[in-house]
Amino acid sequence: MPATAFEVHDMTVAYHRRPVLWDIDFTLPEGKLVGIVGPNGAGKTTLIKAALGLVPLASGKVEIYGKSYAEQRHMVGYVPQRESVDWDFPVTVRDVVLMGTYGKLGWFRRPGRAEREVADRCLEQVGMTALANRQIRQLSGGQQQRVFLARALAQDAQVYFFDEPFSGVDAATEAAIVKLLQSLRASGKTVLLVHHDIQTVREYFDYVILLNMRLIACGPVDTTFTNENLQKTYGGRLTILDEAAEAMRQREPNR
Amino acid sequence: MLTGAATNVACALIGCFLVLRRMSMMGDALSHAVLPGLVVAFLISGSTGILPLFLGAAVVGLLTTFLTQSLHQYARVPSDASMGVVFTTMFAIGVVLVKKYVSGLHFDIACVYEGSLELVPFADTIAGLPRPLFTTLIVLIVNLAVLIVLWKEFKISSFDGNLATTMGFSSTAIHYLLMTLVAVTAVASFEAVGSILVVAMLIVPAATAHLLCDRLAVMVAISAGVGIAASILGYWAAYYFDTNIAGMMTVAVGVLYALAVLFSPRYGICSTLVRNFQMSLRVFREDLLAMLYRVEELDASKSLTATEARIALGSGWLARLAISNLIRAGGIGKEGDQLQLTVQGRSDARQLVRSHRLWETYLVEHLGMPLDHVHEPANRIEHFIDEKLRQELDAELEEKSQDPHGREIPE
Amino acid sequence: MIGLSLLLGLSLSNKVMIGTAMLGGMAGVVGSFAVLRGRSLVGDMLAHAALPGIGLAFLIMGSRSMLGLSIGALASGLLAIATVTVIVRWTRTKEDAAIGIVLSTFFGFGVVLLSIVQKPEIGGNKAGLDSYLFGEPGNMLTGDLYVLAVVGTLVLLAVGLLFKEFKLVCFDTDFAQSQGWPTLQLDLLMMASLALVTIVGLPIVGVILMAAMIILPAATARFWTNRLHLMLLLAAAFGVAAGPLGTYLGRGLPAGASIVLTAASFFVLSVLFAPRRGVVAKIVSEYQLRRRISHEHLLRSLYELSESELPTIPRLPLLSIHEHRHWNSLEKLLNLEVEAGTIERSEQTVKLTPLGLRRATELTKAHRLWEMYLVQFAGIAPDHVDRDADDIEHLLPESLVLQLEQQLANEGRLPLLIPEVPLSLHDLGTEKPSRES
């Protein structure tokens, strides 16, 4: 029985008091590729952000290798959505990748030779060595995604969270990312990945989390990624859940 | 004071659209950027006639808007920075021009800044009205007329610019028109009230009105009202303290805004706090009712003492308040120290427990959640489930009579 | 410190030069972060909001000392930031309106206070109070220089020590937070240094123009570099240059305004002439791009017209080229190709040279591969930025390129390189325009 890498316990997340995730509860073993699948507005990104402490939890808790996120931060790597940053920012590809090492560096220390070597190695892994000194705006969508990937690699984490790494990416990059994910798994890392394309779920993942405001199912792809479960996930929102959320929002005062 | 009021209303009218379009700072930018336009108009026409001033303002207003947008679009300067660059530079040009070519009361920079209603030259009259009053009245009428004529265009382009453009009202054109109006209004108000009051009156009344209502027409009306109120209050206060009138009007409108922030019935901080308090009180009361109901359910002869109930609710003054509150409302009776549900209280409690158990059943049956995970969420949601939702849940669950723990769902 | 004490003996104009230079330098540094963070107008707000603090400080102390007034200004500036935060957090008023509200009402209150201060009953030396509104570098005292120097050192120290942290927070706040950095506190520190610089700068350039000092050098520097540390250095340099230069050029004019106009002219020059980001550079590269595209079109058309008769290179009548597709200025294009040695032409005919054929073949092949790729994988690669057809072989995995080539060959459309033309594409020496768009 492999160790438990990531556990979510009774988590509810609300934006402006309107719950967007209801009582999520699951456990993931170490060393798996996990797809988070669900329709738009199902709370996939919110799940990741809540796990990383970027949005507050209304209730419940999140554990990484049995301890709270705050204690295990150094074991976590994060790839945000590509649109979340200003790609016109004056930094080069290598600068961005170096940011992955900042967490381990701590206060005041500047990245030195060792960190640069790490960064270069990560860039090589994603096939971007040639572009290391480019400004990030001059990259294509797929290349930008690879930069983020390299940054996550530089974090040297145990559990990785990827927010839609395949959105707006060309076939070559998608293939490269998948290969990289597999090598991460081979070295015992756990990877959670928000994913849109149901077609490829079976091909890419070991585990799947089916999400639509609440947890539909979580488990190995073979047993979990069934038609019945998909129907439940994509069969529209449950109107009652929606109505209850709306009732909570209206009765509770706005901020 | 009339001049002040007219200015304020003129500003407050168009300010609504600035605030709604999230371009409030454009008001600040334009009111400063028109300075060189004024000076040039003055230099060319050799007079401070109204027409050249307005023309100058309109030209500079358009120019500022255009430059700001092009810098943003073509040179990729962030939009706020491009605004900042353009208006400060324009202002600096204005300051230099004033120093170099103009001297005299009309273009005292200090006046431009602070405004000095006291100094409004009342001897100078047009059509029987003091000049500044005349100009501001004209601007007020123009603004009002444009708003009335183009009401729906303004409304739709502020709400959804792309939609407006696809419907054939170019939102760019509306944008430029609005900016021109702002520039002209700023100029008209310049000599009387100073640029800073213009900025305040463009933004603050509109923001105040936005806190108080949800409809555009009402918002514009309230905004104008706030403008007038501010001018009266400000004038009176300035007279009382013997200080700068424009400054005092700004302070007055700021105070009005602060009042709205605190006491607006729907969006105010106080009402939010009150509602928060009422909400938590209600949660406590309902928890108490449900608790008494459950105790009765287990053993009809049993009841809780007030102390037990208080401890079970988590003590605290809110719990105490909830208990006395319920007793007074007739939900529970108190015999000695024992708490008993009244008839009314029992029926309320039954509905709550029903909500709770319906929800638990729903979670287990429809969301497939494990039994030991449903109590907590149901406890939270039970306070928000009304009769309609209960019926829906009931229908969805095919009128089950037992919750997943095997307890009865009360009717 | 020895250098500083020398300042005591400096003449007034030297003091002004040094003071404005120091101010410009630090404004450039803190301004860079503000501009990148989308907070350009916060400087403007701070400058306005400082006024009531100045008025109150004067009322309390009864004299003008830069330190005292600055502390008052700082206090009301920080209060202003807090107010904006509260408004945005607790009400439905949006951030832009909140900034405007705080800016104008604080300033209005400041004006009221100043008009009270100006009354004759209230004593004290009021000279120089006005400079907070409009800026008067001439009023600078030696003590003011010390204040500037201390603030400058503090700010530079903070930025120097926390460069990495600031960079991270500015670029990707969420990521920084997920790594455990206290993003809120770092953000506040950036704001505080902005506030400090704004406030010491007020008496020198005045309220409005202080906002300009924050934004202009930073926005100017952004045109010249794509590296953050270079941007900071450049912004500081532009700021340092604008101060003394503006003071010097604008003798007889309001000093604040002339400093700002100097900074603004740096900006305008950069907008026009900066390499790559500047307007001129963009027009040039646009022109080159268009030329390159029409060059490729021409060679491809020639290849397609010659294709049926290869490997003999046919002589093509000019008319057939005209008919092949629409050209804007074919004569000019043909002349350029003749110069490049890719075609030979007579009055009415055109013929590819061996070199031209090789290039045309390469281009056509790349183009067809790309076309095929887009047709087959369009769903996956709609937003591909690097559309340059000649990159395709580097962009796509080798296996995919081979597969596409095979398909083209099956359709009989794979352009084959003729081996007896040994020239490499890279020896041609023709321009390879930059890919900047």
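In what follows, chains carry the letters A, B, and so on, assigned in the order in which the sequence lines appear, proteins first and then strands, with residues in each chain numbered from 1. What you see below is based on every heavy atom in this structure, not just the backbone, and it leaves out hydrogens, waters and symmetry mates. Keep in mind that what you see is a predicted model, and the values were worked out from it rather than measured.
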Handout entry: chain B interface, residue from C/L103, C/I214, C/V268 that has the most non-hydrogen pairs under 4.5 Å
Key = C/L103

Problem - Side chain / backbone / both / neither for B/Y257 at chain C, heavy atoms under 4.5 Å - result: side chain

Problem - 4.5 Å side-chain heavy-atom contact, B/T208 and B/I222 - result: no

Problem - chain C contact via B/D80 - which portion, at a heavy-atom distance below 4.5 Å - result: both

Handout entry: Under 4.5 Å from a heavy atom of chain C, the part of B/L211 involved
Key = both

Completion exercise
Ranking C/V260, C/L41, C/V35 by heavy-atom pairs under 4.5 Å to chain B gives rank one to C/L41

Handout entry: Atom group of C/R222 that falls short of 4.5 Å from chain B, counting heavy atoms
Key = neither

Practice task
Mind ranking B/V199, B/D242, B/V19 by heavy-atom pairs under 4.5 Å with chain C and telling me who comes out on top?
Solution key: B/D242

Completion exercise
Among B/V96, B/V255, B/L202, B/V253, the residue with the most heavy-atom pairs under 4.5 Å to chain C is B/V96

Practice task
For residues C/V42 and C/L194, determine if any side-chain heavy atom of one lies less than 4.5 Å from a side-chain heavy atom of the other.
Solution key: yes

Practice task
For residues B/R275 and B/M279, determine if any side-chain heavy atom of one lies less than 4.5 Å from a side-chain heavy atom of the other.
Solution key: no

Handout entry: Greater than 12 external heavy atoms within 6.0 Å of C/E95's CD
Key = no

Handout entry: Sidechain-backbone polar pair: C/T198 side chain, C/G43 backbone, donor-acceptor under 3.5 Å
Key = no

Problem - Proximity breakdown for C/F106 and chain B, heavy-atom pairs closer than 4.5 Å - result: neither

Handout entry: Per-residue contact mode, B/M23 against chain C (heavy atom under 4.5 angstrom)
Key = backbone

Handout entry: Interchain contact, B/F87 with chain C, by part (heavy-atom threshold 4.5 Å)
Key = side chain

Completion exercise
chain C shares the most heavy-atom pairs under 4.5 Å, among B/A260, B/A75, B/G94, B/P78, with B/A75

Problem - Contacting region of C/F109 [heavy-atom separation from chain B under 4.5 Å] - result: both

Handout entry: Any C/R39 side-chain heavy atom under 4.5 Å of C/D187 side chain
Key = yes

Practice task
Examine whether an atom of B/I93 lies under 4.5 Å from a heavy atom of chain C, and if so say whether it belongs to the side chain, the backbone or both; otherwise answer neither.
Solution key: both

Problem - Side-chain touch B/T89/C/L261, heavy atoms, less than 4.5 angstrom - result: yes

Exercise for the section: Take the angle between the ring planes of C/F33 and C/F166 and call it parallel below 30°, perpendicular above 60°, tilted in between. Expected result: perpendicular

Exercise for the section: Could you tell me which portion of B/V77 (side chain, backbone, both or neither) has an atom closer than 4.5 angstrom to a non-hydrogen atom of chain C? Expected result: side chain

Exercise for the section: Kindly assign one of parallel, tilted or perpendicular to the pair C/H48 and B/H32, based on the angle between their ring planes and the thresholds 30° and 60°. Expected result: tilted

Completion exercise
If one checks every heavy atom of C/A219 against chain B at 4.5 Å, the contacting part turns out to be side chain

Practice task
Give a yes or no answer on whether the side chain of B/S264 reaches the backbone of B/V261 with a donor-acceptor pair at less than 3.5 Å.
Solution key: no

